[in-house]
Asker: 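One structure, as structure tokens, below. Some questions next.
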Amino acid sequence: ANFTGGMDNIRTYRVLFPVFSIFGILLSLWVFAGTRERIFVPKNYVQRVSFFEGIRQLAGNGHFWLLSISQVLGGLRYCVDSIPNWYCFYVLDSNTMMGLSAIVMGTASVPGMLLAPMLAKTFGKKNVLIFGNLIRVAASVGMFFCLEHVVPLAVLMYVSKLAVGAEFVLTQSMIADIFDLQQWKTGKRLEGFIGQFNKFLIAGFGMLTGLIMPYFYQQYGLGTDYNVLREAEVHMPIFRALIVATTLSCLLSVIPLLFYRLTGRQQKQMMEELAARAAADNGGESA
């Protein structure tokens, strides 16, 4: 971003952000173009559910609540992801290092995303999420004790991000499994309702958890002037607070997952039965 004046120049955000946003939109459209729906419903099936009927249906879906609670409790698990940029810009005082850090840290999510299907099939989606969070906890604890040592700190930051690379893919897949479970149990698909209600819960509680870190920022001297982060007595306690928040959030998010029982084998059996039901409702034709 040096040719636009650096990360503290408004031209950087006016030029580079729109460019990369457009690129991201085009990439998303390319991905969506190759997506194929994998649900089994009768050809004449039309989903209709009232709000209160949807709530009643969800009340008995324990897996939905376990996953949603895990996501809510994990709302602060990404706090340490703020450290690399702040560290490069305010501690190392280098736009170049900040750019390199963004590139390198960005690659950390790629292995998890690419390997997510294989990891889920081998170890189970729930187990991969739990293990990834625990690795992030271990890496975060290590960061707490090496904030003044750039190389080990950078390695631990990368490991921390690498550990949860598959999380988004697996979480969305588990939500889709919950759609199938709801249909298998009740004969109704509530993906629109379940998906929106899940986002409502996450966003609602996210507004509350979003107030936690700003409180600590103010306590340690960070207000509207971010240049104070150049001072060690300001950035060090803030970095440690971010690490503690991440550690506690990861540990808490694991607890509901320990009670999540839906396995890949059960999901496969459900899909086979749903396919058979749809074929029967269609007069023997596949859905």
Asker: Does any non-hydrogen side-chain atom of Arg77 lie less than 4.5 Å from one of Glu167?
Answerer: yes
Asker: How many angstroms lie between atom CG of Asp225 and atom CZ of Arg230, to the nearest 0.5 angstrom?
Answerer: 9.5 Å
Asker: Parallel, tilted or perpendicular: which describes the rings of Phe64 and Phe197, with under 30° parallel and over 60° perpendicular?
Answerer: tilted
Asker: For Phe168, does its backbone N or O pair with a side-chain atom of Thr171 as donor and acceptor, under 3.5 Å?
Answerer: no
Asker: Taking Val104's backbone N and O only, do any of them form a donor-acceptor pair with Thr107's side chain (distance below 3.5 Å, no angle check)?
Answerer: yes
Asker: Should Phe89 and Met97 count as side-chain neighbours, where that means a heavy-atom distance under 4.5 Å?
Answerer: no
Asker: With heavy-atom distances below 4.5 Å as the criterion, would you say the side chains of Met271 and Leu274 are in contact?
Answerer: yes
Asker: Among His63, Gln182, Gln266, Lys125, exactly one meets side-chain hydrogen bond (donor to acceptor under 3.5 Å, both in side chains) together with Asp177. Which residue is that?
Answerer: Lys125
Asker: List for me each residue that meets side chain to side chain contact (heavy atoms under 4.5 Å, CB included) alongside Phe144, sequence neighbours excluded, and say none if there are none.
Answerer: Arg240, Ile243, Val244
Asker: Where do Asp81 and Arg136 land on the salt bridge (charged side-chain N to carboxylate O under 4.0 Å, His left out) test, with the steps shown first?
Answerer: CA-CA 11 Å; Asp81 292 345; Arg136 192 168 176 87; 2.9 Å; yes
Asker: Find the distance between CZ (Phe200) and CZ (Phe205) and round it off to the nearest 0.5 Å.
Answerer: 9.0 Å
Asker: Among the clusters formed by ILVMFWY side chains lying less than 4.5 Å apart, do Val19 and Leu16 turn up in the same one?
Answerer: no
Asker: Please step through side chain to side chain contact (heavy atoms under 4.5 Å, CB included) for the pair Leu251 and Leu134, ending with a clear verdict.
Answerer: CA-CA 7 Å; Leu251 289 174; Leu134 294 180; 4.2 Å; yes
Asker: Check whether any side-chain N or O of Lys185 sits under 3.5 Å from a backbone N or O of Asp180 as a donor-acceptor pair, and report yes or no.
Answerer: no
Asker: Is Leu153 close to Phe145 at the side-chain level, that is, under 4.5 Å between some pair of heavy atoms?
Answerer: no
Asker: Under a 4.5 Å cut-off applied to non-hydrogen side-chain atoms, are Thr246 and Leu76 in contact?
Answerer: no
Asker: Indicate the atoms forming the closest heavy-atom contact of Thr209 with Gly206, along with that distance.
Answerer: OG1-O, 3.2 Å
Asker: Please give me the minimum heavy-atom distance between Gly106 and Val110, naming the atom from each residue.
Answerer: O-CG2, 4.1 Å
Asker: Working to the nearest 0.5 Å, report the span between CG of Leu248 and CD1 of Ile212.
Answerer: 10.0 Å
Asker: Tell me the closest heavy-atom pair linking Val128 and Phe123, and the distance in Å.
Answerer: CG2-CB, 4.0 Å
Asker: What residues form a salt bridge (Lys or Arg N to Asp or Glu O under 4.0 Å) with Glu273, not counting sequence neighbours?
Answerer: Arg277
Asker: Tell me whether the count of non-hydrogen atoms from other residues, nucleotides or ligands lying under 6.0 Å of OH in Tyr78 goes above 12.
Answerer: yes
Asker: Please determine whether side-chain hydrogen bond (donor to acceptor under 3.5 Å, both in side chains) holds for the pair Tyr87 and Ser101, giving the CA-CA distance in whole Å, both sets of side-chain angles, and the decisive distance to 0.1 Å.
Answerer: CA-CA 10 Å; Tyr87 201 96; Ser101 171; over 6 Å; no
Asker: Can you list everything that forms a side chain to side chain contact (heavy atoms under 4.5 Å, CB included) with Tyr226? Sequence neighbours excluded, please.
Answerer: Trp86, Tyr90, Leu222, Leu229
Asker: Nearest 0.5 Å, what's the CG-CE distance between Leu162 and Met157?
Answerer: 15.0 Å
Asker: Are more than 12 heavy atoms, taken from residues, nucleotides or ligands other than Glu148, located less than 6.0 Å from that residue's CD atom?
Answerer: no
Asker: Given the rule in the side chain to side chain contact (heavy atoms under 4.5 Å, CB included) test, do Leu73 and Ser249 qualify, once you have shown the distances and angles that lead to the verdict?
Answerer: CA-CA 6 Å; Leu73 294 176; Ser249 186; 5.8 Å; no
Asker: Shortest non-hydrogen contact from Pro18 to Val15?
Answerer: CD-O, 3.4 Å
Asker: Taking all non-hydrogen atoms of both residues, which atom of Ser68 and which atom of Ile202 are closest, and how far apart?
Answerer: O-CD1, 3.9 Å
Asker: Give a yes or no on whether Val141 and Met236 share a hydrophobic cluster (residues Ile, Leu, Val, Met, Phe, Trp, Tyr; joining criterion: side-chain heavy atoms under 4.5 Å apart).
Answerer: yes
Asker: Tell me whether Phe216 at atom CZ has more than 12 heavy atoms from other residues, nucleotides or ligands lying less than 6.0 Å away.
Answerer: no
Asker: Answer yes if Met113 and Met174 sit in the same cluster of Ile, Leu, Val, Met, Phe, Trp and Tyr residues linked by side chain heavy atoms under 4.5 Å apart, and no otherwise.
Answerer: no
Asker: Would Ile130 end up clustered with Phe259 when hydrophobic side chains under 4.5 Å apart are linked, directly or stepwise?
Answerer: yes
Asker: Can a donor-acceptor pair be found between the side chains of Asn198 and Gln71 at a distance below 3.5 Å?
Answerer: yes
Asker: Look only at the side chain of Lys126 and the backbone of Tyr260, and say whether a donor-acceptor pair between them is shorter than 3.5 Å.
Answerer: yes
Asker: Do His235 and Ile238 pass the side chain to side chain contact (heavy atoms under 4.5 Å, CB included) test, and can you show the C-alpha distance, the side-chain angles, and the key distance before you say yes or no?
Answerer: CA-CA 5 Å; His235 66 244; Ile238 287 179; 5.5 Å; no
Asker: Enter the distance from Asn95:CG to Leu100:CG here, rounded to the nearest 0.5 Å.
Answerer: 11.0 Å
Asker: Kindly indicate whether the side chain of Leu67, heavy atoms from C-beta on, has any atom under 4.5 Å from the side chain of Ile175.
Answerer: yes
Asker: Output, in order, the C-alpha distance, side-chain angles, deciding distance and verdict of side chain to side chain contact (heavy atoms under 4.5 Å, CB included) for Leu201 and Trp65.
Answerer: CA-CA 10 Å; Leu201 287 176; Trp65 294 106; 3.8 Å; yes
Asker: Any non-hydrogen side-chain atom of Leu262 less than 4.5 Å from a side-chain atom of Met270?
Answerer: yes
Asker: Answer yes or no: is there a donor N or O on one side and an acceptor on the other, between the side chain of Ser160 and the main chain of Leu156, under 3.5 Å?
Answerer: no
Asker: Is Met213 linked to Val228 within one hydrophobic cluster, defined over Ile, Leu, Val, Met, Phe, Trp and Tyr using a side-chain heavy-atom separation of less than 4.5 Å?
Answerer: yes
Asker: Spell out, as yes or no, whether a donor-acceptor pair under 3.5 Å connects the side chain of Ser70 to the backbone of Val254.
Answerer: no
Asker: What closest approach, in Å, do Ala163 and Ile135 show between heavy atoms, and which atom pair accounts for it?
Answerer: CB-CG2, 3.5 Å
Asker: Could you grab the distance from atom CG of Leu119 to atom CG of Leu129, nearest 0.5 Å is fine?
Answerer: 10.5 Å
